[in-house]
Amino acid sequence: MYSEYNTPKKKYNLKTNKYICNKFGLAEFFATHYDEFGYGKQLCILDAGCGALPLGIYLADQYDCKILGVELNPIAFKCAIENIDQLNLIHTVEIKNCNFVDFCNQYQGELFDCIVANPPINENVSNEEIEKYTNNTYETFDDGSYSFLTNSWHSLDGKDLADYIFEFGLKYLKSSGHILLVFCTIDCSSPDFVYKKAENYGYSVSRIIEDYIPAKNIGAESLGLDKVYTFMVEFGR
Ligand SMILES: C[S@@+](CC[C@H](N)C(=O)[O-])C[C@H]1O[C@@H](n2cnc3c(N)ncnc32)[C@H](O)[C@@H]1O
C-alpha cells in the first residue's frame with residue numbers, strides 16, 4: 001500500500017504497510033513547522049525509529065541533509081528502502097534495520113547536528129506487555145506486536161525510545177546540536193512526561209510548538225477523537 005505524505009512544498013506517496021506507521025500526521029506537523037526552528041541546509045541528522053522514513057525524506061529531499069535512519073520493524077525498513085530508491089535519495093540517506101539500543105552500543109561515527117523522532121510515547125504500558133513483546137524478533141507480526149512497537153515500545157529495564165535518544169545525544173550530538181521530538185498526548189497525560197525525561201539527562205526545552213491536528217491524520221479517529229493535541233519540541237544542552 002501507499003500513503004499520502006503532504007509537506008508544505010511537496011506531496012509524496014510513500015510505500016507503507018498495515019503493520020507499520022502508515023498515517024503521517026505527526027511527520028506532517030514536523031514538516032509544517034520545521035522552518036520555524038531556523039536550521040540551515042545540509043545538516044547531519046539521525047532519524048531514530050524512522051519507520052517508512054517521512055522525516056528523513058523531508059530533510060534529505062528538501063534540505064539536502066545527510067540522514068541516518070534506524071528502524072527495528074523489518075517491514076518498515078523495507079518500505080523505507082523502497083522510498084529512498086523511489087525518490088533517488090540513495091546518496092544522502094542510509095538506514096539500519098536494528099534495535100536503537102544495539103545501534104547506540106555500536107555507533108562510532110560522526111557527531112550529529114540534530115536527532116529527530118516521533119517516538120512511541122506511552123506512560124502506562126504494563127510490565128506484562130513489555131515482557132510479552134520486548135524479546136520478539138519482529139520477524140513475524142500481529143496487531144499486538146505492531147501496536148507495541150509503534151506506540152508503546154520499552155526495553156526490559158523500563159526505558160523507552162526517547163530515553164535512549166536523550167542518552168545517545170549526550171555522546172553523539174554536536175555541542176550546538178538539538179533533539180527535535182514530535183508527539184501527541186494520546187498516551188501521555190501531559191508533555192511534562194517527556195520534559196521530565198529530558199531533564200533527567202541534562203537537557204532543557206528550548207522551543208515548543210503546539211497545536212491540534214485532526215485525529216484521522218494519525219489514524220486515531222477510532223478512539224472517538226476529532227483532534228489530538230500535538231507538540232514539536234526542541235531540546236538542547
Ligand atoms: C510512531 S512510529 C514513527 C515512525 C516514523 N518516524 C513516522 O513518522 O512514520 C515509531 C517508530 O519507532 C520504531 N521503534 C520503536 N522502538 C524502536 C527501537 N527500539 N529501535 C528502533 N526503532 C524503534 C517503531 O517501529 C516505529 O516505526
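Side chains included, hydrogens not; waters and symmetry mates left out as well; all remaining heavy atoms used. Both counts, for ligands and for their atoms, begin at 1 and track the order of listing.
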Side-chain H-bond candidate by donor/acceptor type, Tyr58 with Tyr12, under 3.5 Å: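 Absent: no donor and acceptor within the cut-off.
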Flag for Asp211-Tyr229: side-chain donor and acceptor within less than 3.5 Å: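 No, no side-chain donor-acceptor contact under 3.5 Å.
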Distance (rounded to the nearest 0.5 Å) between Leu46 CG and Lys96 NZ: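 The NZ atom of Lys96 is 11.0 Å from CG of Leu46, to the nearest 0.5 Å.
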Whether Phe168 and Phe103 hold their rings parallel, tilted or perpendicular, with breakpoints at 30° and 60°: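 Judged by the thresholds at 30° and 60°, the geometry between Phe168 and Phe103 is tilted.
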Note: Lys41-Asp64 ion pair, threshold 4.0 Å (strictly below):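 The answer is no: the pair does not qualify as a salt bridge.
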Salt bridge present between Lys159 and Glu167 (N-O < 4.0 angstrom):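 Answer for the salt bridge query: yes.
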What do you reckon, does [X] put a non-hydrogen atom under 4.0 Å from ligand 1?
{"X": "Cys50", "value": "yes"}
{"X": "Cys98", "value": "yes"}
{"X": "Ala52", "value": "no"}

Close-contact set for ligand 1 against Phe24 heavy atoms, below 4.0 Å: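 Listed by number with element: 9 (O).
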Those atoms of ligand 1 less than 4.0 Å from some heavy atom in Asn73: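 In order of numbering, the contacting atoms are 25 (O).
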Considering non-hydrogen atoms of the protein only, which is the closest contact for [atom], and what is the distance?
{"atom": "atom 3 (C) of ligand 1", "result": "Asn118 OD1, 3.1 Å"}
{"atom": "atom 19 (N) of ligand 1", "result": "Asn99 OD1, 2.9 Å"}
{"atom": "atom 23 (C) of ligand 1", "result": "Leu72 CB, 4.0 Å"}
{"atom": "atom 25 (O) of ligand 1", "result": "Glu71 OE2, 2.5 Å"}
{"atom": "atom 7 (C) of ligand 1", "result": "Pro54 CG, 3.4 Å"}
{"atom": "atom 15 (C) of ligand 1", "result": "Leu149 O, 3.2 Å"}
{"atom": "atom 12 (O) of ligand 1", "result": "Gly49 CA, 3.4 Å"}

side-chain contact (heavy atoms from CB on, under 4.5 Å) between Phe30 and Ile209, worked out: CA-CA 10 Å; Phe30 177 98; Ile209 289 176; over 6 Å; no
Part of Tyr164 with heavy atoms under 4.0 Å of ligand 1, whether side chain, backbone, both or neither: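 No part of Tyr164 comes within reach of ligand 1.
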Mode of Phe100 contact toward ligand 1 - side chain, backbone, both, neither (heavy atoms, under 4.0 Å):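 Within the 4.0 Å criterion, Phe100 contacts ligand 1 through backbone and side-chain atoms alike.
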Phe112 ring center near Tyr172 ring center (under 6.0 Å):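 No, the ring of Phe112 stays outside the 6.0 Å limit from the ring of Tyr172, centre to centre.
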Derivation of the side-chain hydrogen bond (donor to acceptor under 3.5 Å, both in side chains) call for Ser204 and Glu199: CA-CA 6 Å; Ser204 54; Glu199 207 178 294; over 6 Å; no
